[in-house]
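Below is one structure, written out as structure tokens; comments come after it.
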Protein chains: 2
Amino acid sequence: MEKQTITIYDVAREAKVSMATVSRVVNGNANVKQETKEKVEAVIERLGYRPNAVARGLASRRTTTIGVVIPDVTDHYFAELARGIDDVAAMYHYQIILANSDESDTKELQVLENLLSKQVDGIIFMGNLIDDDIRKEFAKADVPIVLAGSVDDVTAQPSVNIDYTSAIGEATTKLLKNGHKRVAFVTGSLDHGINREYKLKGYMNALAVAGVDYDESLVIQGDYDYQSGYQMAEMVRDAKATAAVVVNDEMAAGLLNAMTDAGVKMPEDFELITNNNSKLAVMTRPQMSSITQPIYDLGAVAMRMLTKLMNREELAVKNIILPHGYVDRDSTKQ
Amino acid sequence: MEKQTITIYDVAREAKVSMATVSRVVNGNANVKQETKEKVEAVIERLGYRPNAVARGLASRRTTTIGVVIPDVTDHYFAELARGIDDVAAMYHYQIILANSDESDTKELQVLENLLSKQVDGIIFMGNLIDDDIRKEFAKADVPIVLAGSVDDVTAQPSVNIDYTSAIGEATTKLLKNGHKRVAFVTGSLDHGINREYKLKGYMNALAVAGVDYDESLVIQGDYDYQSGYQMAEMVRDAKATAAVVVNDEMAAGLLNAMTDAGVKMPEDFELITNNNSKLAVMTRPQMSSITQPIYDLGAVAMRMLTKLMNREELAVKNIILPHGYVDRDSTKQ
DNA sequence: GTGAAAGCGCTAACAC
DNA sequence: GTGTTAGCGCTTTCAC
């Protein structure tokens with residue numbers, strides 16, 4: 001079932017014009033007489049002609065495609081970010097190549113290489129860990145790259161984030177004010193810059209302000225998933241924590257369930273604040289109090305930023321910080 | 001910061017060989033002397049040459065890229081399916097363009113058009129509703145297309161699914177056997193063939209076998225999300241149902257929470273079985289009994305099937321049915 | 001307003 | 001084992 005592919009040349013011949021004219025019509029170039037335009041469009045319709053994006057990309061050196069590197073599609077935080085990106089991309093008529101990096105360094109590099117070889121016009125990068133290999137790849141790229149929900153202090157890559165330090169700090173402070181002396185900080189790996197340089201600092205700042213000593217045993221590192229959160233409950237209890245700030249909703253749900261399964265009453269005996277306010281936060285019982293992040297907007301704004309960069313427009317602000325908030329639910333008192 | 005792009009021609013000149021030889025080295029063609037090969041590789045390394053996939057695609061008419069149409073990345077069922085696809089694709093050195101269709105017909109069509117114009121070598125399509133417009137697009141495509149977790153009786157498109165009818169039937173039967181006379185069937189829109197032609201039939205079959213009359217008011221249609229499930233609780237209670245089979249975990253979680261929030265005891269006063277056994281099923285309290293589906297495998301097998309099709313291999317079975325199961329948890333008795 | 005022709009960077013015969 | 005040479009299907013000067 002080999003279909004013969006119909007090309008711009010076929011259209012030109014049938015419409016008795018040149019390829020150049022067909023190209024102009026297809027690309028909405030104004031310099032075509034209305035009459036010619038209609039004639040060409042009729043032939044396109046009749047023949048079922050569909051421009052070959054690959055040839056177009058080669059000739060014009062623009063693919064109207066952008067690459068999106070995502071650590072894991074099944075992670076709701078990043079999936080939501082991706083939706084924001086996708087919607088704005090569609091608005092600007094860009095298509096998206098969503099590439100899973102598996103949170104693995106080698107895969108991330110490879111995926112970036114692939115994207116670049118595909119001649120994408122720009123890249124949005126999401127990832128918890130940005131190391132020198134990746135930075136090198138960023139530097140080699142000849143297209144704009146923006147980070148979404150991801151930080152890197154070394155390269156001053158354009159980025160869109162919230163103020164993680166303040167957000168975590170405020171949550172910690174709330175718990176401290178509620179009288180807790182031992183507040184656990186349940187985080188992803190501290191190898192990840194976003195945890196080490198931002199979130200942990202927020203936690204430590206809050207302790208310092210409250211005059212509470214920092215105790216390393218209260219900082220518990222996990223894997224960002226439910227299972228991991230469930231298992232960490234034991235460590236949280238061993239550390240004699242009476243409250244916790246958790247950086248991710250799945251881990252928080254795991255911790256919460258493990259606690260209540262063990263007979264701990266929330267919020268009476270244990271208080272918890274999570275970080276992403278994804279729909280998971282309202283699915284647990286008790287529902288989880290949470291820092292609120294404009295996750296979808298993080299993606300949308302990053303994509304908008306990228307369109308500007310691709311048009312060589314100047315950026316007013318290179319590292320955008322979107323506002324965050326807090327919502328009280330049933331895993332905290334009052 | 002315009003980088004000069006370095007091409008195969010530059011490599012050839014520097015290595016004092018022809019473009020053809022460089023091409024052979026890059027593509028791992030055996031017909032190159034070891035010595036030449038090493039020389040060329042050294043130059044590639046030194047110059048930082050990266051083959052242009054667009055040019056390659058145009059010249060060879062193969063892009064080693066496949067398109068994946070997904071209704072919604074933030075839907076966990078499809079995200080998990082996508083992971084299965086992605087992993088197998090990586091194994092066979094195919095890259096993936098993940099395209100969101102938003103469950104909207106127009107977007108689905110447009111997305112298919114885009115993918116085809118990008119000259120993808122194959123497509124995996126996921127979607128709840130396959131109508132004539134889409135079938136027309138399938139027919140026009142000159143590359144293989146396989147359906148994953150999606151059905152269409154009209155075209156006999158290759159596909160990978162489970163036996164939805166039996167799965168829902170078994171779940172319904174279990175509830176009936178537990179003594180329930182009024183079992184609700186909570187589903188997505190019956191406009192979606194997969195619900196109307198498969199799942200609903202399973203429900204009805206089970207009723208027939210048990211000699212229970214079909215009551216339309218017990219079939220309740222929702223939106224596949226938590227919110228929708230939560231709201232449907234009222235209709236479920238109005239219909240005087242004492243148990244429910246739900247086609248999707250998010251809706252099930254919503255229904256479950258709405259019930260328990262209203263003081264209904266589960267499983268004593270109400271029993272529930274959900275359909276996807278995603279991680280959500282163990283996050284709720286009580287945990288949900290569920291039909292089990294090999295979701296990841298559905299994707300993996302579909303991708304494997306596509307690789308065969310792309311190699312023009314014969315398929316032993318065109319419409320693959322993977323086995324399903326059932327797991328008892330706390331939303332059902334015993 | 002329209003056409004001719006030169007590439008874009010690569011692969012794939014085909015020749016040697 | 002290696003080089004030569006046509007294209008792949010389109011955009012884009014540059015003429016007219």
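Below, read A as the first sequence line, B as the second, and so on, with proteins coming before strands; counting in each chain starts at 1.
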Separation of [X] atom [atom1] from [N] atom [atom2], in whole Å?
{"X": "A:Gln34", "N": "C:dT2", "atom1": "CD", "atom2": "P", "answer": "11 Å"}
{"X": "B:Asn52", "N": "C:dG7", "atom1": "CG", "atom2": "P", "answer": "18 Å"}
{"X": "B:Met19", "N": "C:dG7", "atom1": "CE", "atom2": "P", "answer": "14 Å"}
{"X": "A:Glu38", "N": "C:dG1", "atom1": "CD", "atom2": "P", "answer": "14 Å"}
{"X": "B:Asn29", "N": "C:dA13", "atom1": "CG", "atom2": "P", "answer": "12 Å"}

May I ask you to verify whether the side chain of A:Arg24 and the base of C:dG3 hold a donor-acceptor pair under 3.5 Å?
yes
Residue-phosphate contact under 4.0 Å: [X] side-chain N/O, [N] OP1/OP2:
{"X": "B:Tyr49", "N": "C:dC10", "answer": "yes"}
{"X": "B:Asn27", "N": "C:dT11", "answer": "yes"}
{"X": "B:Thr5", "N": "C:dG9", "answer": "yes"}
{"X": "B:Ser23", "N": "C:dC10", "answer": "no"}

What contact category does [X] fall into here, base, sugar-phosphate, or nothing, at under 4.0 angstrom with non-hydrogen atoms?
{"X": "A:Val26", "result": "nothing"}
{"X": "B:Asn31", "result": "base"}
{"X": "B:Val54", "result": "nothing"}

*Kindly give the heavy-atom pair with the smallest separation between A:Val40 and A:Val11, and that separation in Å.*
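For A:Val40 versus A:Val11, the nearest heavy atoms are CG1-CG1, 4.3 Å.
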Quiz item: Taking the six-membered ring for Trp, are A:His192 and A:Tyr224 parallel (under 30°), tilted (30 to 60°) or perpendicular (over 60°)?
Solution: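 Parallel.
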request  = Verify salt bridge (charged side-chain N to carboxylate O under 4.0 Å, His left out) between B:Lys107 and A:Asp86, making sure each step is shown before the conclusion.
outcome  = CA-CA 12 Å; B:Lys107 193 95 191 287; A:Asp86 194 76; 3.6 Å; yes
Comparing B:Thr36 with A:Ala20, nearest DNA chain D nucleotide closer to 5' gives the residue B:Thr36
Subject >> Nearest-nucleotide comparison on DNA chain D, the residue closer to the 5′ end among B:Lys16 and A:Val22 >> reply: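 Going by which nucleotide is closer to the 5' end, it is B:Lys16.
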Between [X] (side chain only) and [Y] (backbone N and O only), is there a donor and an acceptor less than 3.5 Å apart?
{"X": "A:Ser150", "Y": "A:Gly127", "result": "yes"}
{"X": "B:Ser101", "Y": "B:Val69", "result": "no"}
{"X": "B:Asp131", "Y": "B:Ile134", "result": "yes"}

- Message: What's the closest nucleotide to the side chain of A:Ser18 if the choices are C:dA4, C:dC10, C:dG9?
- Response: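 Taking heavy atoms from C-beta onward, the closest nucleotide is C:dA4.
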Of the listed C:dG9, C:dT2, C:dC10, the closest approach to the B:Leu58 side chain comes from C:dG9
Quick check on B:Glu45: does its CD atom have over 12 non-hydrogen neighbours (other residues, nucleotides or ligands) under 6.0 Å away?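 No, CD of B:Glu45 has 12 or fewer neighbouring heavy atoms, counting only those of other groups under 6.0 Å.
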Map B:Gly57 and A:Lys33 onto DNA chain C by nearest heavy atom, then report which one ends up closer to the 5' terminus.
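Its nearest nucleotide lies further toward 5', so the answer is A:Lys33.
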Min and max contacting nt of DNA chain D in 5' to 3' order, chain B heavy atoms within under 4.0 angstrom, are D:dG1 to D:dG9
Open item on the list: Counting C-beta onward and ignoring hydrogens, is there a side-chain heavy-atom pair between B:Asp102 and A:Arg83 closer than 4.5 Å?
Closed with: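 B:Asp102 reaches A:Arg83 side chain to side chain.
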